[in-house]
Structure formats: structure tokens, C-alpha cells
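One structure below.
Residue numbers start from 1 in every chain, and the chains themselves are labelled A, B, ... in the order their sequence lines are given, proteins ahead of strands.
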Number of protein chains: 2
Amino acid sequence: MPVPLSPLHEAIHKQTAKEMIRDKIVSLIASGILQVGDELPSERELASMLMVSRETVRGAVQRLAGEGIVQVSQGARTRIANVNVDVGGQRIGVTNPTSINGYSLDAVHAARLLVETAVVADAAKHLSAEDIKRLEESILVQEQACNDPVRFLICDREFHLTIYYASQNRLLADFVVDLYTYMLDHRRIAMGKPGAIEKSLEDHRFIVRALKMRNPEAVAAAFSEHILRIHDTSLEVDADGAGLKPARPALWTSVLGQ
Amino acid sequence: MPVPLSPLHEAIHKQTAKEMIRDKIVSLIASGILQVGDELPSERELASMLMVSRETVRGAVQRLAGEGIVQVSQGARTRIANVNVDVGGQRIGVTNPTSINGYSLDAVHAARLLVETAVVADAAKHLSAEDIKRLEESILVQEQACNDPVRFLICDREFHLTIYYASQNRLLADFVVDLYTYMLDHRRIAMGKPGAIEKSLEDHRFIVRALKMRNPEAVAAAFSEHILRIHDTSLEVDADGAGLKPARPALWTSVLGQ
DNA sequence: TTTAACTGGACTACTTAACAGTCCAGTTGT
DNA sequence: ACAACTGGACTGTTAAGTAGTCCAGTTAAA
């Protein structure tokens, strides 16, 4: 996530086009945009989309297949690889459930709590009528996606991003979007929990209500609650998932003060 | 600064090693880490540092020389290129004084005001005794660098980073470091203003005093003042530098509420 | 002043990634 | 049955990067 100022003494890491394509696809899977069973475009199509030659795409896809990340339709010469999220019990994506890109889950949630509340408070002042309408429609779609975690997550994403980008501060909005995006993989797991979707949906309804009143404080408070709930849920998931982090740690309050 | 989630339909942009090296050096110059007159390491040294072949380094340096960004010691076969910040009147680095990486200066400063105060407040609780000692020593060095803007800026950088990294939240600390780093080029210009260095130094003394008391609120307040002063200074600079942004804009308050 | 250690310039031969094109065998949907 | 796809498997070509060598000039210490 950070964009470190590269000191001169650090090695250049060149990446071949093959590797970049492979990583791109992996990150799309990790973030939940590519779902299990999704079909990738054809080799030729991918090549033209990515502006590389077909051979290069081939190499990347073959490596992905070798890693078991995608599965090429057996025996056949038809459509390319299906995304395969857990081949051989190995999940793709964020491997360590207690850290994201090297940052602790606590740090990420603390950052969200600080920055996201500011961003959405600002967004509350600038949301257009169409934005609000779109959010209300999104709620309806979410209600219908209640029993499909991945479908719900896609709606969730659109819902959140609509709000973030209503803020006038593009820099902070982008930052929050990054934080949200990097959480997607965790969120997908958490969404499997019974009741998780319903609770999120309830939060969303509350948020929309606050947004309609154009009350920045209420919106910030609602988001704060939402984020805290998400944090608690992910702690539960981690707890029975990997046997780690049984309780909310002390660090949690340290960044946000008092 | 943002790390966008790359959708599959976007072109892969491969970069040759030459280009990466060139860009790396340019960004080091733009951020003020490489100063005018600095000598780059020898080609062979650079090659081993960057883990590339000497020919590759040659290509990058030659291109930089062609662009006039570095200057190879004339005629000679001795030490490599000197950094040259304003060849032919063209300054290197941030070309648009009112935006950084596409973000408005206001957005950057608003972000700093929000996040940096939180980070330093946290840092106040975790600063070690050695850290404080180092900060006090830094003040002494800064006093001696008062009439050398670039030297002062190097001290300034170390001073700020020492505080940031004392925070327990690595994610937010990294973010703040990024913001600070991207400001460096602007700061270097602002430091040329008479009195600018003295004012910064005064702020730093005040900050150290607050840190020694381990008073998070006081530290946050001191930084808030510091950042606001920097913002005002950069507005002045822009005003007579490029004839833009004569007054503090309305957006300024919109992100931080009320 | 001599000398040994560096410097950049220039060149070679080699490896590899990526490109562009072709042809083929098998699927798919009409 | 058919046309339009799919991936598989080749080919030859280009460009980037590597590794090595040799040279002429500079530098600083012996």
C-alpha cells in the first residue's frame, strides 16, 4: 500500500510481462472480483486487452494452471481456465488472516476508523441526489442478495465506493478505497458467517438514513459502528479460523486516542 | 500514491530496467534526496547495487544525461554524472506547483492535518528516550543549518520521520511518510523564503517540548500548527511563483469538518 | 614521480522475453 | 453440416539484458 521512496541502493526488481499478468489475475481473485468458477476471457481476447502477445498470456495462464490457481477445462480445447479458489485445500489470496500487505488487521481497521469516518462525513455534504437514489436502489439489490455472500459483497463494494468518491478529497478517498479493497478477501470469509450479511445490511440502511439527512456527524457515527462491527466479525473469523487473536487487542485504542 | 485494484481489461505496462533506473533517479532528485552537485556512484557500483548489468546502468545514465538531468563530467573519464537540478532553466521534479501526483495541495494538506496529528499523538505515547534524545540533537544540527535550505531539509526529514515511525500503527505511519515525502519538492522551494527555516525550527522546538511531556494532545496541536504554517507558506510560494491560488480556498475546511 | 586502482567508453558474444504469424485439432452453437 | 471459436504447437524475428573484455584517461597514495 505504501509508495516508498526507493533509495538508490535497493535492487531494481524487473518483472516480466508474464509475471505481471499472473500477479494481476491473482490479485483479482484475492480481492474477490474474480470468483470461483468465473471464466477468464480467451487467450486471444486477453492478449488484446492487455496489449501483449498471445504467447505471453499463454505463459501466464499456464503458470497459473501449474500453481493450481486456475483450472483449464480438462482435455478440451475449449474456453480457457476457470478460476479455482481452493485447489488442494490451499486458498488463494491473503494467506495470513491476521495481516494485510504486511500490516496488522488492527492497523488497517484503526486507519479506516480514523480516515473513513472523515471521508464519509465530507461525502455527506457533497452527495448528489442521484447518488442517494443509487444507494437506496443498492439496498434493494442487497436485500435480494442476502443468501449469496459473493453477490452481496459486490453490492457492498459498490455501495461503499459510491459514498467514498462523493468526498471532495480525492487523496483520502483513494486511500480509503485502497483500505476497503485490501479488506475484500477477509470480508468474503466473514460474509460466510450466519447473520453477518443481515447485520451489514442493517448498518447500510442506517447509513443511508443518516446520509439523507445530510448529517455528517450521524454518518460518521454510523460508519464508525459499521467498521467496529466488521472488525469484531473478522476477529471472530480469525479466532476459529486460525486460532489467533482471541480478543480485541490493546493497540486498538492506541491510535485513535483515549 | 494510490494502489488501484487493476481491472483485467487494463493494459499491462511493462517497463524496461533502463527506464526503471532512470525513473528511480529522477524521483530521488525530485524528492530532494539527491541534491544538485551530488555525485552518483560509479557505473559498476550502481550495477551491483541495483542488481543489473553495467550496460543497463549505462543506458539509463546516458538517457538522463541526454535529458540534461545529470551532467557527465565533461570530456573526462572520471566519476560519473553530477546531479543537475536546473539545466536550461527546466526544473526537475514536480512540475505543477499546485498539485502533487494529481492531488491538489489542499487535499494533501488536509490529509496531513487529519492523519498526521493522529499519528504523532500516538507516537507521543511510544517515543523512546533515545528517540527524544535524537530529536534534541537534531534541533541542534538544524540550528547550524539555518542558512542552508537543502541541508535543513535533510534534517527536517529525519526529524519528522523519527516521530512518525514511533507510532505503533505502521500503516498510517507509512501513509504519513508518503505524504511528507511527496511534499519534499515543494518544501525545498518554500525553504528559500526568508524566515521560513526559522519558523520551522521554532515549531520543531515546540514539538519536542510537547513530546517530552508525553502529552498527545499538545503534540497533535503543535503539529497541527506546523502543518497549517507549511500550508500557508506553500500558498504564498505558489502565489508569487506561478500566480495561482492567491487565497486559502474553501475546500480546506470541508474535509476536516465544521 | 611512479604506480596501482578506478573511472567511463566501446565492443563482443550470448541468453531470454516478447512479438507476429501460421497451422491444426477439437468444441460449440446455429 | 456448418461456421466460428477455442487452445496447442510450432516458426522466425526483434529487442533487452547479461557477462566479459580491452582501452584511455584520471586520481591519489606510495
Side-chain angles (χ1 to χ4, degrees), chain A residues 6 8-26 34 37-84 87, chain B residues 6 8-26 34 37-84 87:
Chain A
S6 47
L8 201 49
H9 62 273
E10 273 175 16
I12 287 273
H13 55 283
K14 355 173 221 277
Q15 231 185 348
T16 63
K18 272 196 246 281
E19 289 171 333
M20 293 176 72
I21 294 171
R22 180 217 164 255
D23 291 350
K24 191 168 207 168
I25 292 175
V26 166
L34 276 179
D38 279 358
E39 280 182 348
L40 292 180
S42 74
E43 290 179 352
R44 288 172 176 87
E45 213 173 326
L46 268 176
S48 78
M49 286 192 297
L50 302 173
M51 306 268 285
V52 294
S53 75
R54 202 184 134 210
E55 278 299 319
T56 310
V57 171
R58 273 182 76 68
V61 171
Q62 278 170 344
R63 173 154 175 211
L64 284 166
E67 293 175 304
I69 294 175
V70 300
Q71 208 165 22
V72 182
S73 342
Q74 68 267 30
R77 280 187 176 71
T78 175
R79 298 220 122 252
I80 205 177
N82 283 39
V83 172
N84 201 349
V87 173
Chain B
S6 48
L8 200 50
H9 62 273
E10 273 175 17
I12 287 270
H13 57 285
K14 355 170 220 277
Q15 232 185 347
T16 64
K18 273 197 243 282
E19 289 170 333
M20 294 176 71
I21 295 171
R22 182 219 163 253
D23 291 350
K24 191 168 204 167
I25 291 176
V26 166
L34 276 180
D38 280 357
E39 280 182 346
L40 292 180
S42 74
E43 291 178 353
R44 289 173 175 86
E45 214 173 325
L46 269 176
S48 78
M49 287 192 297
L50 302 174
M51 306 269 286
V52 294
S53 75
R54 200 183 136 212
E55 277 300 319
T56 310
V57 171
R58 272 182 79 67
V61 172
Q62 278 170 344
R63 173 154 175 209
L64 284 166
E67 293 175 303
I69 294 175
V70 300
Q71 207 163 25
V72 181
S73 341
Q74 69 268 30
R77 281 188 175 68
T78 176
R79 298 220 122 254
I80 206 177
N82 284 38
V83 171
N84 200 348
V87 174

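Shown are A:Leu46, A:Thr16, A:Ile21; of these, the side-chain contact (heavy atoms from CB on, under 4.5 Å) with A:Thr56 is made only by A:Ile21.
Per the geometry, CD belonging to A:Glu43 stands 11 Å off C1' belonging to D:dA9, to the nearest Å. The CZ-P distance, from A:Arg63 to C:dA18, rounds to 12 Å in whole Å. Here C:dA17 presents its C1' atom at 14 Å from CE of A:Met20, a figure rounded to the nearest Å. Atom pair B:Arg58:CZ and C:dC11:P shows a separation of 10 Å (rounding to whole Å applied).
Where DNA chain D pairs in unbroken runs of 3 or more (Watson-Crick or G-U, both distances under 3.5 Å), the stems are C:1-30 with D:1-30.
Of all non-hydrogen atoms in A:Lys14 and B:Ala17, the two that sit nearest each other are CD-CB, 4.1 Å.
If you take NE2 on B:His13 and CE on A:Met20, they are separated by 5.5 Å, rounding to the nearest 0.5 Å. Expressed to the nearest 0.5 Å, how far NZ of B:Lys24 lies from CG of B:Leu50 amounts to 5.5 Å. Atom CD1 of A:Ile25 sits about 12.0 Å away from atom CZ of A:Arg63, to the nearest 0.5 Å. Here the CZ atom belonging to B:Arg58 is positioned 4.5 Å from the CD atom belonging to B:Glu43, to the nearest 0.5 angstrom.
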_Per-nucleotide protein contact string for nucleotides 13-19 of chain D (B base, S sugar-phosphate only, - none; heavy atom under 4.0 Å)_ = ---SSBB
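At a cut-off of 3.5 angstrom, counting only N and O atoms as typed in the model, there is a donor on one side and an acceptor on the other between the side-chain of A:Arg44 and the base of D:dG7.
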